[in-house]
Asks: 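Attaching a single structure in structure tokens format; questions to follow.
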Amino acid sequence: MAPRPCELFYDVVSPYSWLGFEVLCRYRNTWNINLRLRPSFIAGIMKDSGNKPPALVPRKGKYMTQDLKRLSDYFQVPLHMPKDFARSVLEKGSLSAMRFLTAVNMERPELLEPVSRELWMRIWSRDEDITEAQSILAAATRAGLTPEQGQELLRKIDSPEVKERLKVTTDAACNYGAFGLPVVVAHVGGQPHMFFGSDRLELLSHLL
């Protein structure tokens, strides 16, 4: 059987997106999926759906700290809460990082997976910045891009083409019914099947 197409909409500011990303990367051969990584902008999805980050609800925020530690241990992903969560995640956001990943996807798609992982490692493992140009370039270099290639892609993040591609991808997630990230869309039996979150992948496996 040919691999079933499976789209992952994600944002590196989302720790649950990282967990979903790693699980799908690990199991893509076992589950026989053709994994398509789709960098999206979570703030746009939240605004479009009327949702808000769980950390803004005090009880959810408190639970999230415990939840991420348990999930980190279970999935063996080195995930650690940033010391200044509000500033690192809620204030700084991820627009530049997601535009950069969009440019990588357009120009060097074979490196999208490692560059995405390095950006998650920066913010969610080493408590480092992902918004400044030098931060993004450091992640790109660790993932295999030369400094010159990284600079070239960084110059493109303000281009109309990159901005439009990120908007189109984010809109596609919204059209599937996204209200947060990660969102996985499996195309099975001629139909798209949308799964939200990193805790529904057993259901995805069951469908496949």
Side-chain angles (χ1 to χ4, degrees), residues 8-23 37-104 112 115-143 154 157-158 162-163 166-167 169-171 173-174 177-184 195-200:
L8 172 64
F9 296 88
Y10 67 95
D11 188 317
V12 294
V13 83
S14 160
Y16 294 100
S17 286
W18 188 14
L19 297 168
F21 169 90
E22 294 296 356
V23 170
L37 300 176
R38 305 206 63 187
S40 312
F41 187 44
I42 194 170
I45 292 172
M46 290 286 190
K47 182 178 180 181
D48 185 77
S49 65
N51 197 4
K52 59 182 177 179
L56 295 182
V57 180
R59 292 183 188 176
K60 284 185 179 181
K62 183 179 179 180
Y63 177 77
M64 191 172 109
T65 301
Q66 295 178 324
D67 191 42
L68 290 176
K69 185 178 187 309
R70 291 168 179 161
L71 289 166
S72 172
D73 292 341
Y74 178 75
F75 287 115
Q76 295 296 292
V77 173
L79 200 159
H80 306 287
M81 187 74 74
K83 289 180 181 178
D84 191 346
F85 176 88
R87 176 167 169 73
S88 297
V89 177
L90 301 177
E91 292 179 22
K92 287 187 174 182
S94 60
L95 184 57
S96 294
M98 298 318 296
R99 284 180 178 169
F100 185 78
L101 287 176
T102 299
V104 171
L112 179 58
V115 177
S116 298
R117 184 176 287 112
E118 283 299 330
L119 286 167
W120 268 306
M121 287 290 294
R122 286 189 67 85
I123 184 173
W124 282 107
S125 190
R126 300 192 298 268
D127 195 10
E128 296 172 346
D129 174 74
I130 60 164
T131 61
E132 301 295 333
Q134 290 306 312
S135 303
I136 294 171
L137 287 174
T141 302
R142 284 179 67 113
L154 195 62
I157 69 172
D158 290 321
V162 168
K163 290 180 179 179
L166 180 58
K167 181 181 183 302
T169 305
T170 301
D171 287 345
C174 291
F179 49 88
L181 292 175
V183 159
V184 181
F195 298 87
F196 167 72
S198 58
D199 57 349
R200 293 295 184 269

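Any value given below was found using the heavy atoms of this structure, including those in side chains, with hydrogens, waters and symmetry copies removed. Being a predicted model, the structure only gives us computed values, none of them experimental.
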Asks: Taking all heavy atoms of A139 and all of L119, pick out the closest pair and write down the distance.
Replies: CB-CD2, 3.7 Å
Asks: Roughly how far, to the nearest 0.5 Å, is OG1 of T102 from CD1 of I157?
Replies: 10.0 Å
Asks: Sorted by first residue and then second, give each side chain to side chain donor-acceptor pair (under 3.5 Å) pair with at least one member in residues 90-100; sequence neighbours left out.
Replies: D11-S94, K92-D129
Asks: Do L56 and L90 have side-chain heavy atoms sitting under 4.5 Å apart?
Replies: yes
Asks: What residues form a salt bridge (charged side-chain N to carboxylate O under 4.0 Å, His left out) with R142, not counting sequence neighbours?
Replies: E118
Asks: Any chance you could measure M98, atom CE, to Y10, atom OH, to the nearest 0.5 Å?
Replies: 5.5 Å
Asks: Give me each pair satisfying side chain to side chain donor-acceptor pair (under 3.5 Å) with a member in residues 40-62, each pair once, sequence neighbours excluded.
Replies: none
Asks: Report yes or no: does W124 contribute a side-chain atom to a donor-acceptor pair with the main-chain N or O of M81 at less than 3.5 Å?
Replies: no
Asks: State which residues pass ring pair (Phe, Tyr, Trp, His ring centres under 6.0 Å) with F179; sequence neighbours excluded, sorted by chain then number.
Replies: F196
Asks: Counting distance only, does the side-chain N/O of S88 pair as donor-acceptor with the main-chain N or O of D84 below 3.5 Å?
Replies: yes
Asks: With side-chain contact (heavy atoms from CB on, under 4.5 Å) as the criterion, how do T170 and I45 come out once you've worked through the C-alpha distance, each side chain's angles and the decisive distance to 0.1 Å?
Replies: CA-CA 7 Å; T170 301; I45 292 172; 3.6 Å; yes
Asks: Measuring from F9:CZ to C174:SG, what's the distance to the nearest 0.5 Å?
Replies: 9.5 Å
Asks: Working to the nearest 0.5 Å, report the span between CZ of R70 and OH of Y63.
Replies: 5.5 Å
Asks: Any side-chain heavy-atom pair from E128 and M121 closer than 4.5 angstrom?
Replies: no
Asks: Kindly indicate whether the side chain of K69, heavy atoms from C-beta on, has any atom under 4.5 Å from the side chain of T65.
Replies: no
Asks: Counting only heavy atoms from other residues, nucleotides and ligands, does the tally under 6.0 Å from CZ of R87 exceed 12?
Replies: no
Asks: Check for a donor-acceptor pair, side chain of S135 on one end and backbone N or O of T131 on the other, with a separation under 3.5 Å.
Replies: no
Asks: How far apart are the closest heavy atoms of L37 and P39, and which atoms are they?
Replies: O-CD, 3.5 Å
Asks: Are any non-hydrogen side-chain atoms of W18 and P78 less than 4.5 angstrom apart?
Replies: yes
Asks: Please report the closest heavy-atom contact between A103 and V162, naming both atoms and the distance.
Replies: CB-CG2, 4.0 Å
Asks: Only counting residues at least two apart or in another chain, list the ones meeting salt bridge (charged side-chain N to carboxylate O under 4.0 Å, His left out) with R38.
Replies: E7
Asks: Closer than 3.5 angstrom, by distance alone: can the side chain of S125 be matched with the main-chain N or O of L79 as a donor-acceptor pair?
Replies: no
Asks: If you define the side chain from C-beta out and look only at heavy atoms, does anything of I136 sit under 4.5 Å from L154?
Replies: yes
Asks: Are the side chains of F100 and V115 in contact, using a 4.5 Å heavy-atom criterion?
Replies: yes
Asks: Under 4.5 Å between any side-chain heavy atoms of I123 and V89, yes or no?
Replies: yes
Asks: Could you tell me which residues satisfy salt bridge (charged side-chain N to carboxylate O under 4.0 Å, His left out) with K167, sequence neighbours excluded, listed by chain and number?
Replies: D171
Asks: I'd like to check S198 versus V23 (side-chain heavy atoms, cut-off strictly below 4.5 Å). Are they in contact?
Replies: no
Asks: Identify the heavy atoms of S14 and L181 that sit nearest to each other, and give their distance.
Replies: OG-O, 3.5 Å
Asks: Give the minimum heavy-atom separation between R122 and A138, together with the two atoms involved.
Replies: NH1-CB, 3.7 Å
Asks: First locate atom CG of L112, then atom CZ of R117, and finally report the distance between them rounded to the nearest 0.5 Å.
Replies: 10.5 Å
Asks: In Å, rounded to the nearest 0.5 Å, how long is the span from CG of D67 to CG of L19?
Replies: 9.0 Å
